[in-house]
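Have a look at the structure below, then the notes.
Quick note: residue numbers are just sequence positions, from 1. Side chains included, hydrogens not; waters and symmetry mates left out as well; all remaining heavy atoms used.
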Amino acid sequence: MLQNLLPKYAHWLIKRWKSFLIFCFFLSLTSILVSLFFLKSQTGILDLYSPEEPVAKRFIEYVEKFGAAQTLVIVAEGSSAQERRQAIESLVQILKKQEADKISDFFYKINLDFYRQHALQWMEESKVKELLKELDSQDSSLDQLLKSENFNDYLQLLEKSFQKKPSGAILDQNLNQMIEQAFKPLAILAKQIKEAQTLKKIQYELESNPNDNLDELGYLSSQNPPLHVLLIKPKDLKQDHKLDRILIKEIRSYFSQLQKQYPQVKLAMTGGPALNHDQFEISEQDMRWASVLAFLSTGLLFFLAFHSFWRPALGLLSLAASITWTFGLTTLTVGHLNMFSLAFMVILIGQGTYYGVHVVARYEEELKKGKDVDQALQATICGIFPNISTSTLTTAAAFFATMLVPLKGFAELGWIAGCGILLSSLSMQMLLPCLLKLYDRKGVQFKENKKLKIKSPQLLQKIS
């Protein structure tokens with residue numbers, strides 16, 4: 001049945017080649033316009049997750065409420081600690097004024113006086129009651145410990161308190177209990193310092209060595225190497241590359257302004273959003289160059305294989321048309337491209353050129369046999385349809401299978417690439433024959449030594 005339908009289809013297509021060319025032209029133009037105005041790009045990491053999956057759904061809900069654990073880290077290096085602190089303060093003032101709509105919070109210093117004065121307010125209620133109970137007890141030495149300037153003074157106060165006991169009182173009591181009662185305040189404070197984070201700030205004030213994360217004024221810092229740190233939390237919760245890119249570029253522009261004011265201070269940026277931004281910029285640029293290189297390299301091989309320009313160029317034009325159709329279909333069905341589905345162009349360039357090589361090779365082979373243009377095109381369409389259609393369906397099915405993956409980014413890539421494979425195959429089997437008819441409509445004088453150099457199917461298979 002297929003053998004009877006293919007000649008009729010080929011005759012119909014060749015007879016109406018002008019109308020079909022006009023239709024394809026307007027279809028490509030419409031696809032381009034629709035894509036330019038309505039196709040969106042999703043550059044957020046959370047956009048790659050499938051909201052229907054239970055695990056991804058819970059994670060997305062958490063991020064929407066509390067935000068992702070992503071922070072921009074600004075590092076000030078070089079010069080003196082005073083200039084580094086001033087550079088950080090100046091940058092914070094600029095960001096509060098210029099970028100308040102993009103930043104939710106800053107963190108770069110701690111008010112140590114506040115923690116010293118209000119430390120007990122941050123302790124657990126049970127721990128505070130334990131301290132107060134010990135302090136109010138008649139035989140407690142906790143108040144003496146708090147008033148002592150050093151441990152020797154505390155021991156002397158204990159000795160005086162024992163001496164005030166009535167004669168023989170110590171002998172009447174258990175010696176272990178007396179020692180435990182005397183040193184109980186030390187055990188209580190040691191436990192509190194170990195467990196309560198706020199008391200670590202008090203410990204910082206009492207120690208002679210500075211804290212590794214704070215300088216003497218409470219600024220976030222590092223001693224080795226000497227630098228100060230500013231943490232910035234963006235308002236964007238989805239880690240959207242487009243939003244992060246705007247903020248990161250603007251912050252880096254402020255670095256150059258502050259460089260003139262503080263020439264000895266070097267400001268740099270790192271952290272999750274900055275790393276994601278740089279990674280996406282590199283990936284986007286590499287993908288753009290990969291698409292251009294793939295198109296040019298396959299086109300060059302196309303030209304060299306056939307030792308001609310126009311017929312291979314028509315194959316590349318058909319490939320370009322199928323890519324525009326894919327963009328239009330993506331706009332209508334998905335509505336956007338994500339960080340994964342952007343790679344579909346490289347896939348279509350490689351696979352679509354493969355179909356074009358078969359069409360042009362078979363067409364020139366039929367011309368070599370002495371057939372005219374219409375006969376050669378009809379024989380080409382009837383000859384390549386079964387093989388190319390089988391290859392198209394198997395390749396597209398492999399891409400459509402990735403739609404079963406629960407990760408939304410891969411599923412969308414599978415749908416777009418699979419549809420693109422089908423459209424590129426249709427373009428090579430319908431649009432390309434019409435373009436060949438347009439090019440050779442006045443007839444063709446075929447020269448074997450110039451036009452056709454591919455004679456063996458094995459060589460054609462290696463090239464494709």
Side-chain angles (χ1 to χ4, degrees), residues 24 27-28 31-32 35-36 39 41-43 241 279-331 334 336-361 384 387-388 391-402 409-410 412-432 435-436 453-454 459-464:
C24 291
L27 181 61
S28 296
S31 299
I32 293 173
S35 301
L36 288 176
L39 183 62
S41 59
Q42 291 186 344
T43 54
H241 167 68
Q279 182 180 9
F280 190 88
E281 288 286 317
I282 294 173
S283 300
E284 191 177 42
Q285 182 179 359
D286 290 346
M287 188 61 63
R288 189 182 303 112
W289 280 107
S291 300
V292 173
L293 181 61
F295 194 85
L296 293 178
S297 60
T298 53
L300 180 62
L301 291 175
F302 211 162
F303 299 145
L304 294 177
F306 290 93
H307 287 260
S308 63
F309 175 78
W310 286 110
R311 291 192 183 103
L314 294 177
L316 295 178
L317 181 60
S318 301
L319 174 62
S322 67
I323 293 177
T324 62
W325 302 346
T326 306
F327 272 106
L329 182 62
T330 302
T331 305
V334 182
H336 59 261
L337 292 173
N338 59 53
M339 290 189 290
F340 290 162
S341 57
L342 285 172
F344 84 92
M345 287 188 60
V346 178
I347 299 172
L348 295 189
I349 291 172
Q351 193 66 26
T353 306
Y354 165 77
Y355 301 142
V357 168
H358 278 279
V359 174
V360 175
I384 66 171
N387 295 333
I388 290 184
S391 174
T392 300
L393 292 176
T394 54
T395 305
F399 283 107
F400 287 142
T402 61
F410 278 119
E412 292 179 353
L413 171 62
W415 166 255
I416 296 172
C419 293
I421 292 296
L422 295 176
L423 292 175
S424 64
S425 178
L426 289 175
S427 176
M428 293 301 178
Q429 296 184 78
M430 299 179 70
L431 176 59
L432 181 55
L435 291 174
L436 292 172
K453 295 298 182 180
I454 300 178
L459 179 58
L460 177 62
Q461 185 176 7
K462 289 182 180 179
I463 295 175
S464 60

Answer yes or no: is there a side-chain heavy-atom contact under 4.5 Å between [X] and [Y]?
X: Tyr355; Y: Ser391; answer: yes
X: His358; Y: Met428; answer: no
X: Val359; Y: Ile388; answer: yes
X: Ser308; Y: Phe303; answer: no

Measuring from atom [atom1] of [X] to atom [atom2] of [Y], what distance do you get when rounded to the nearest 0.5 angstrom?
X: Ile323; Y: Ser35; atom1: CD1; atom2: OG; answer: 12.0 Å
X: Leu319; Y: Tyr354; atom1: CG; atom2: OH; answer: 15.0 Å
X: Leu27; Y: Thr324; atom1: CG; atom2: OG1; answer: 7.0 Å
X: Met345; Y: Ile416; atom1: CE; atom2: CD1; answer: 12.5 Å
X: Thr330; Y: Leu39; atom1: OG1; atom2: CG; answer: 7.0 Å
X: Phe399; Y: Thr394; atom1: CZ; atom2: OG1; answer: 10.5 Å

Looking only at non-hydrogen atoms, find the nearest pair between [X] and [Y] and report the distance.
X: Asn338; Y: Glu412; value: ND2-OE1, 2.5 Å
X: Leu431; Y: Ala321; value: CD2-CB, 3.6 Å
X: Ile347; Y: Ala417; value: CD1-CB, 4.3 Å

With a 3.5 Å cut-off and sequence neighbours excluded, list the donor-acceptor pairs that the side chains of residues 418-426 form with protein atoms.
{"residue": "Ser424", "atom": "OG", "partner": "Gly420", "partner atom": "O", "Å": "3.2"}
{"residue": "Ser424", "atom": "OG", "partner": "Ile421", "partner atom": "O", "Å": "2.8"}
{"residue": "Ser425", "atom": "OG", "partner": "Thr392", "partner atom": "OG1", "Å": "2.8"}
{"residue": "Ser425", "atom": "OG", "partner": "Gln429", "partner atom": "NE2", "Å": "2.9"}

Aromatic plane relationship, Phe344 with Phe327 - under 30° parallel, 30 to 60° tilted, over 60° perpendicular: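 Ring orientation of Phe327 relative to Phe344: perpendicular.
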Side chain Ser318, main chain Leu314, donor-acceptor under 3.5 Å: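 Yes; at least one donor-acceptor contact below 3.5 Å.
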Full working for side chain to side chain contact (heavy atoms under 4.5 Å, CB included) between Val357 and Leu301: CA-CA 10 Å; Val357 168; Leu301 291 175; over 6 Å; no
ring-ring contact (aromatic ring centres under 6.0 Å, His included) partners for Phe410, two or more places apart: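 Phe410: ring-ring contact (aromatic ring centres under 6.0 Å, His included) contacts with Phe340.
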Member of Ser28, Ser427, Ser31 meeting the side-chain hydrogen bond (donor to acceptor under 3.5 Å, both in side chains) criterion with Trp325: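 That would be Ser28.
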